[in-house]
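Below you'll find the structure, written out as structure tokens, and then a few comments.
All heavy atoms count here, side chains included; hydrogens, waters and symmetry mates do not. Read the numbers this way: they start at 1 and go in the same order the structure lists the ligands and their atoms. Only a predicted model underlies this, so the values are computations on that prediction, with no experimental measurement involved.
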Amino acid sequence: MAVHGGKLQLQTGGDGEIVDLTEGVAAIVRTAGVVAGLATVFVAGTTAAVTTMEYEAGAVIDLREALERLAPQGHDYEHNRRNQDTNGHAHVRAAAVGPSVGVPIVAGGLALGVWQQIVLIDFDTRARERTVMVAIVG
Ligand code: ZN
């Protein structure tokens, strides 16, 4: 067993932008040459999240709206009050969704469902450069 790794660097616009990472992660898995194992996809930071979804325009809008209902941007957040910050909603949304997913590698590829993509969601209030780490064990 060995651990392989790769990184994806990307620019996001923030404000709940959802970016499809699937091809980038699949390319790292191919380069690693692992036939059977596990790929963990992780974003460092407390205002972004990684999950899977059907990356389709309607589902993207639905998820963004659901997260707005969960942690509305206009709510009165302690984080903002104590730190003179404006992204309390981003921290709550990122914690709720989580920073990583693990996807099994089967027959050298990601064992995703047919309509399932790996996505990064950037909840911060401004454009950011994000580093997504992919750790592969197999
Ligand atoms: Zn903050």
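Counting only protein N, O or S atoms closer than 2.8 Å to the Zn ion (ligand 1) gives 4.
Annotation for Val103 and Ala111: closest pair CG1-N, 3.9 Å, computed over non-hydrogen atoms.
Between Arg93 and Glu68 there is a salt bridge, since a side-chain N of the basic residue sits under 4.0 Å from a carboxylate O of the acidic one. A salt bridge links Glu23 with Arg30: the closest approach of a Lys/Arg side-chain nitrogen to an acidic carboxylate oxygen falls below 4.0 angstrom.
Shown here are the side chain to side chain donor-acceptor pair (under 3.5 Å) partners of Thr131, two or more places apart in sequence or in another chain: Gln9. Residues satisfying the side chain to side chain donor-acceptor pair (under 3.5 Å) criterion with Arg82, sequence neighbours excluded, are Glu78. Scored by the side chain to side chain donor-acceptor pair (under 3.5 Å) test, Gln116 finds Thr52 as partners (sequence neighbours excluded).
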